[in-house]
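This report refers to the structure that appears directly beneath it.
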Amino acid sequence: MDNPLRDPRDRRIPRVAEPSVLVMFGVTGDLAQKKLLPAIYDLANRGLLPPGFSLVGFARRDWNDQDFANLTYDAVRAHARTKFREEVWQQVREGIRFCPGSFSDDDAFDHLADTVLQLDSERGTGGNRAFYLSIPPGQFPIVVKQLQRSGLSDETASPGWRRVVIEKPFGHDLASARELNDLLGSVFPPYSVFRIDHYLGKETVQNLLALRFANTLFEPIWNRGYVDHVQITMSEDIGIGSRAGYYDGIGAARDVIQNHLLQLLALTAMEEPVSFSSDALRAEKRKALSAVQIPDDLTEGTARGQYTAGWQGGIPVCGFFEEEAIPPDSVTETYAAIRLSVDTRRWAGVPFYLRTGKRLATRMTEIAVIFQRAPHLPFLATDARELGENALVIRVQPDEGITLRFGSKVPGSAMEVRDVNMDFAYGESFTESSPEAYERLLLDVLIGDPPLFPGHEEVEMSWQILDPIEEFWAHAGRPDPYPAGSAGPASADALMARDGRSWRRL
Amino acid sequence: MRTELTDTTASAVRSALARASQQMGGLTTSVVLNLVVMTDENDQYDAMKAASQAGREHPCQIIGVIARKRTGQRRLDAEVAVGDNAPGRMVLLRTFGELIDHVDSVVTPLLVPDTPVVIWWPGKSPEAPAADALGRLGQRRITDSACSEVPGQRLLELAAGYRPGDTDLAWARTTTWRSLLAATLDRPVGSIIEATVAAEADNPSADLIAAWLAGRLGVSVSTEVSEGPGVTEVSFLTDSGKVVLSRADGRNATLSKPGEPDRFVALHRRDIAELLAEELRRLDPDEVYGETLATLAGSREG
């Protein structure tokens, strides 16, 4: 029966998750403390978590509930976005439990199963469980098997839903991605697997859909008739730091391009979905990804690099090979750039340039749609010398927003045209930060709303795009060096120069 | 940057605004709406502060209007602030003499063109907001019935004068309650026979919750007077027992359902800035509010 108090016109009443238990593996990790635990508090503070919501931590620590609550409290005080309120904390605190144990310990998982069952009766969580695997992928198999063995994942055993949440990396190539998917699929049905790509939870990325499909202004020019090329950039100013052990052998392309950048490409290039349901949205993303082609000549169409010692933001920093635990013969790239094409009627002949790197000049992520120059300029050549190409830039981070670049007359008696920028930012520097991506994504998991999560087909298609490039790189010698704090290796600039284009300055 | 203008005109205020924006480095703040605050000298500080806090979520141009003495010389004084911790731009107008009755002629030229206008009366508001000269400018008109002397009566006036786009902060105060109540009924609780709302005396939010429940559930809803603060309890009598959401201290609530453990939930009373930010989140008519007012008026008549 429908809930008589719900009315689609009543937009003030938010979507609130059902009473449920979130079981978190890897609670002592960085992500849990900086993002996940604070996000849970922020959701509670915004009234989006139901009474009875419970959080169970599982880790190899000799802790009790109170110890885990203390850890959560510290994480919330240090990193929560919204104001701290004692009563909200109490609401969260009441539902906090901890189960100590290692992943190989059957007893620990049986204890976990008991704890969760007990919460069902103590707090009325109705059998609804989400399992958040914030752990290295190597440990997925054992945890998933334990969930199955202990009956925790069994949807037929008691009422309520079971969901599993995993973070990237979703494998390191097509074969391992399929293996991971088979593993999860052996225990959870596909609709219960939520793959988190936190970029997709960002306001601006969702705003890209609004920009494209709610306006009449942009869609008519969103094609090869007007667009010259698209640049999708994610540059980081940090080095690999403490992730050295994970990073070596993975590299920038697997770490960033395979998931974030190809998802952004899919959202930029896709056709209009018939609705914003997850099926419709994923169908369009799949179509876009299936039309992606890699360059025929990978020597000319890709570039990669490794940072060397240099100055980053006024601080001398070490090079990739000076980072801890990086072998001197490592060919892992810390910078990757790729030219892709999307072979559809809309995009034929329009290159999509993807680049990402560590230890670059600044931290920023953006999608830049660069338009063709006007076919004819009725000005003297000298008048419009400073006029570049029109550009629409979706700034994903930091300062999320949209920039439109176009030519404008310089005030004065002469006709002189130069580029100007028009910025739109809903969340200005003065204004409150928009909800963290993790808040939105956690809530979507608990509500069971998957449009913002990539499906396994998209993950596999992305590997299909990347695998031949990785294969080529594996036999193409060493990446080119670039100094820390620069904009990347010279080979990346050469890649653009060959096409008569240049990268947007970082 | 802050500028004061005495005995001035709307066009002088406009140029002061433009000058201030330019001197702040051509600050191009994205303004998504105009917020006009109709206040008085006593409340202006709190009201403008709440407005600028809400402006952190919704970048806006805030125009505060204070009506001073109706007798004496006609005069307009203005304060203009750009930047300075103000989100976007802020103007505070003081009107004297017969100008008090023609404030719209000053406000209109100051509005950012083709951008939604919201009028907010933090205290006393016109009997029918949509019929007011300034109210007509707004696509959204926000009143606060809790500020009137007889809130129950005030809601009936608002019901009689209701036009799409009207809204009331007493209604915004019910959101957290309504959202929890809706979540409670997401899972079956048995069929509801009647409902009760308890609150301190003269609480318009309680009347609105009661009318909303009556309208949605089609059962009789009674109201009780309690010690407060605010709304203290909403309960449903169902064929399988009683569902109670109670909050005695204005912060912590308990939810009890038959056959389920009692659950604790934070349900704090929100401040004006938070309520206003909620109001500004949507600028289309709140039909559910309109229907709730109609139900309320209907029940009082019958």
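Here the structure is a predicted model, which means the values were calculated and not measured. Atoms considered below: every heavy atom in the structure, side chains included; atoms not considered: hydrogens, waters and symmetry mates. Here is the naming used below: chain letters follow the sequence lines, and residue numbers restart at 1 for every chain.
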Top of B:Asp262, B:Thr175, B:Thr174 for chain A proximity - count of heavy-atom pairs under 4.5 angstrom:
B:Thr175
Portion of B:Leu180 that has a non-hydrogen atom of chain A nearer than 4.5 angstrom:
side chain
Best-contacting candidate, B:Ala182, B:Ala172, B:Ser179, against chain A by heavy atom pairs under 4.5 angstrom:
B:Ala182
Can you say whether A:Arg15 sits under 4.5 Å from chain B via the side chain, the backbone, both, or neither, judging by heavy atoms?
neither
Rounded to the nearest 0.5 angstrom, the CZ-CZ distance for A:Phe213 and A:Phe276 is 6.5 Å
B:Arg247 versus B:Thr176, side-chain donor and acceptor atoms under 3.5 Å
no
Regarding A:Arg85 and A:Asn45, is there a side-chain donor-to-acceptor distance under 3.5 Å anywhere?
yes
Under 3.5 Å, is there a donor-acceptor pair between the A:Thr403 and A:Asn421 side chains?
no
If I measure from the heavy atoms of chain B, does A:Glu94 come under 4.5 Å with its side chain, its backbone, both, or neither?
side chain
If the test is ring pair (Phe, Tyr, Trp, His ring centres under 6.0 Å), which one of A:Phe84, A:Tyr438, A:Phe53, A:Tyr73 qualifies with A:Tyr41?
A:Phe84
Could you have a look at B:Glu274, B:Glu278, B:Lys257 and say which one has the most heavy-atom pairs with chain A under 4.5 angstrom?
B:Glu278
B:Ala273 backbone acceptor or donor facing B:Asp271 side chain under 3.5 Å
yes
Side chain from CB out, backbone as N, CA, C, O: work out which of these in B:Leu185 comes under 4.5 Å of a heavy atom of chain A, or both, or neither.
both
Could you look at B:Val265 and say if it's the side chain, the backbone, both or neither that has a heavy atom under 4.5 Å from chain A?
both
Pair A:Glu18, A:Trp161: side-chain N/O donor-acceptor within cut-off below 3.5 Å:
yes
Using non-hydrogen atoms and a 4.5 Å limit, figure out which bit of B:Arg282 sits close to chain A: side chain, backbone, both or neither.
side chain
B:Asp286 versus chain A, heavy atoms under 4.5 Å apart: side chain, backbone, both or neither?
side chain
Quick one: which of A:Val88, A:Val16, A:Asp10 has the most heavy-atom pairs under 4.5 Å with chain B, could you say?
A:Asp10
